[in-house]
Amino acid sequence: MFRVLIHYFIPGLSVGLSKMEIYLKLLIFVISSSLGFSYIIEGDEPGNNLLWPTEYYFKSETMNLKTGVVEPCEVWYSAEKNRSRIDYYEGMVKRYFYGETEEDSAKIYQINPVTNDRVTNKMVCLKYGGDELEDFLPTVDDFTYQGEKIFDGKTVQVWKSETNDDEMMYKIEKVLYAYRDGDTDAPVKLEEIKYKLWNNGMAGHTVTNFYVFKTIIKSEDLDVEKLDECDEVGQLGDNLRTDLQILHPASSRDVDKAFNSFKKHYNKKHGKHEHEMRKAIFEENWRRIVDHNKKNLGYKLEVNTFADRTDEELAYLTGTRSSGPEAVGTVPFPHSEEELKAMEEEIPQIYDMRHDGVISAVKNQGQCGSCWAFSSTAAVEGALARSNGGRNIDLSEQSLVDCAWDHNLGCNGGLLDQAFKYITMNGIPSQREYGPYLQQDGYCKLENMTQVYTIKGFARVPSLSETALKVALLKYGPVTVGIYAGTNMKFYSSGIFYDIDCSKSMLNHGVTVVGYGVRDGTNYWIVKNSWGEDWGEDGYILMSAVNDNCNVMSEAYYPIV
Ligand SMILES: *[C@@H]1O[C@H](CO)[C@@H](O)[C@H](O)[C@H]1NC(C)=O
Ligand SMILES: *[C@@H]1O[C@H](CO)[C@@H](O)[C@H](O)[C@H]1NC(C)=O
């Protein structure tokens with residue numbers, strides 16, 4: 001940021017300065033302000049220390065410039081009462097902090113809406129064991145006085161702080177505008193930029209504007225309304241799901257708690273030096289998930305076992321490359337456009353092959369880019385089960401990882417049409433005979449198998465045709481598709497997945513469509529993934545059929561048995 005220091009207040013300029021000098025100073029003033037440079041008027045007196053009142057109320061709006069989420073808050077704080085409270089979104093979520101008293105230990109109460117099978121948006125109060133009182137203004141000691149500035153027509157004091165967080169994993173720059181009001185200060189605006197020190201990237205950028213600021217509050221505003229209706233949930237750190245509901249990624253203390261809860265839940269062990277880096281990555285992912293869920297889009301994200309990993313580290317989750325528009329099956333798709341049009345009327349609105357008992361359990365590719373093997377094998381398993389009266393045979397993905405190297409690269413990725421071509425020519429053994437899935441490249445043991453399952457060939461479904469994909473599912477069984485799986489998909493929890501960011505990208509992941517449906521007018525595909533049962537909706541994701549989102553209708557094949 002450029003900064004032009006003007007040493008006097010503008011009205012004082014005429015004293016002892018020639019017209020030319022005034023003109024020059026004003027010119028600098030005009031240029032610097034019109035170009036958006038911030039200019040600072042050095043105050044006459046060195047700044048005193050910042051001092052927040054011991055009791056305050058404010059309304060604020062925090063804009064997250066990285067995610068575009070705007071979060072309105074209302075805050076009450078009283079050191080004397082040893083209580084504080086924060087409301088998000090005009091009271092949609094209220095959280096009270098009660099400090100320790102002679103009668104009772106410290107508590108946190110959260111009141112938030114709950115929707116489930118039985119109730120819609122019922123306000124529910126939960127009680128947790130708390131500890132220190134939450135303070136909602138930044139720590140004064142970190143800030144140094146920079147000077148005064150005109151902001152929104154008012155003179156404000158500019159304060160700045162630069163801190164390194166947690167063994168230097170982050171650098172945090174804060175600029176605070178405040179004004180003196182009696183003996184204490186009142187905040188006007190706080191800008192916070194967080195840099196990752198390990199790769200210099202920006203981890204977060206928020207701007208908080210403070211509106212109403214009062215130093216006297218009504219005592220009853222700090223009382224939970226129906227205290228006796230609050231259910232005891234226990235100590236934070238006991239249950240990841242409930243902890244993450246009450247904690248907030250904006251507070252560093254909450255991040256610590258959430259991260260510890262996460263580690264406990266997923267039994268993660270990090271080395272001493274790894275801990276801070278993992279926490280930083282966790283925080284970024286958590287923030288992304290919380291921000292996403294606040295937007296109330298059609299699908300939810302959740303913290304899962306991937307939350308302490310970067311996208312680069314999670315590259316093994318994907319591993320399918322596009323075979324391009326010219327790739328074809330061993331047989332052509334057997335329905336012309338006219339035929340499909342004629343069928344459009346008759347095909348059912350919903351179809352879920354899982355209900356026919358022909359879909360095997362969700363598997364986990366683990367730390368191996370073998371989705372191409374899992375997604376093609378899943379389709380073969382489904383097609384075989386359909387043809388033999390529902391008998392599920394667990395086929396060996398490992399045999400493809402080990403043996404199908406003609407156009408694939410084992411754990412380093414593969415192509416869907418090449419996987420089917422390989423199975424057409426060589427067959428695929430059962431997992432029982434071939435041996436367990438190893439999450440790594442191994443020796444091909446195909447020559448010693450007593451039995452392999454074969455397919456007659458495979459067909460490619462015409463791209464971008466919803467009807468063609470539906471007909472393929474209804475008539476021939478599961479369809480293997482290439483999609484783009486980005487960061488949001490890694491944290492998918494439930495709902496119909498539609499990600500604006502993902503349609504611009506190439507496909508990188510292989511999955512298996514096992515049905516389709518419609519909810520609130522949106523058509524979706526029921527998609528089996530290979531990231532384990534804990535991910536998404538029991539291992540599945542509902543992917544929007546709109547706009548070929550995530551390329552789900554670009555490259556699709558089904559095996560013919
Ligand atoms: C306020 O609450 C904190 C945290 O619960 C507690 O440690 C402290 O003793 C309390 N202070 C007073 C004055 O009661
Ligand atoms: C196949 O079986 C033979 C005889 O038991 C054995 O020598 C050979 O190592 C096996 N091949 C593989 C790839 O396991």
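Just so you know, these numbers use all the heavy atoms, side chains as well, and skip hydrogens, waters and symmetry mates. Read the numbers this way: they start at 1 and go in the same order the structure lists the ligands and their atoms.
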Could you say whether the N/O atoms of Glu132 and ligand 1 ever approach to under 3.5 Å?
->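 In fact, backbone or side chain, Glu132 has no N or O that close.
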
Decide whether an N or O pair under 3.5 Å exists between Lys445 and ligand 2.
->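 No.
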
Would Glu284 and Arg287 satisfy salt bridge (Lys or Arg N to Asp or Glu O under 4.0 Å), going step by step from the backbone distance to the final call?
-> CA-CA 5 Å; Glu284 194 179 333; Arg287 198 181 283 271; over 6 Å; no

So, Lys81 and Ser219: side-chain donor and acceptor under 3.5 Å apart, yes or no?
->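 Side-chain D/A pair, Lys81 to Ser219: present.
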
Can you find a side-chain donor-acceptor pair between Lys263 and His275 that sits under 3.5 Å?
->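 Yes - a donor-acceptor pair under 3.5 Å links their side chains.
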
When the ring planes of His270 and Phe259 are compared, do they come out parallel, tilted or perpendicular, using 30° and 60° as the limits?
->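 Taking Phe259 first and then His270, their aromatic rings lie parallel (interplane angle under 30°).
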
Distance filter under 4.0 Å to Ala106 heavy atoms, resulting ligand 1 atoms |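 So the answer, numbered in order with elements, is 5 (O).
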
Just which atoms of ligand 1 are under 4.0 Å from any heavy atom in Gly99?
->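 Matching atoms, with element in brackets: 2 (O), 5 (O).
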
Return yes when at least one protein heavy atom is under 4.0 Å from [atom], and no when none is.
| atom | answer |
| --- | --- |
| atom 9 (O) of ligand 1 | no |
| atom 14 (O) of ligand 2 | yes |
| atom 2 (O) of ligand 2 | yes |

As an exercise, identify every atom of ligand 2 less than 4.0 angstrom from a heavy atom of [X].
| X | value |
| --- | --- |
| Asn448 | 1 (C), 2 (O), 3 (C), 8 (C), 10 (C), 11 (N), 12 (C), 14 (O) |
| Glu447 | 11 (N) |
| Cys444 | 13 (C) |

Atom OG1 in Thr184, atom CH2 in Trp52: separation rounded to 0.5 Å?
->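 Nearest 0.5 Å value for the OG1-CH2 distance: 9.0 Å.
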
At what distance is the nearest protein heavy atom to [atom], and which residue and atom is it?
| atom | result |
| --- | --- |
| atom 4 (C) of ligand 1 | Asp131 O, 3.3 Å |
| atom 12 (C) of ligand 1 | Asn82 ND2, 3.2 Å |
| atom 7 (O) of ligand 1 | Glu100 OE1, 4.3 Å |

Looking only at non-hydrogen atoms, find the nearest pair between Thr454 and Leu384 and report the distance.
->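 Distance-wise, the nearest heavy atoms are O-CD2, 4.4 Å.
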
Evaluate whether atom CD of Glu90 has more than 12 neighbouring non-hydrogen atoms of other residues, nucleotides or ligands under 6.0 angstrom away.
->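 Check fails, neighbour count at 12 or below.
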
Heavy atoms from other residues, nucleotides or ligands near CD of Glu232 exceed 12 (cutoff 6.0 Å) =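 For Glu232, atom CD is crowded (more than 12 foreign heavy atoms under 6.0 Å).
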
Six-ring centre of Tyr434, Lys445 cation under 6.0 angstrom, axis tolerance 45° =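 Verdict for Tyr434: a cation-pi partner in Lys445.
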
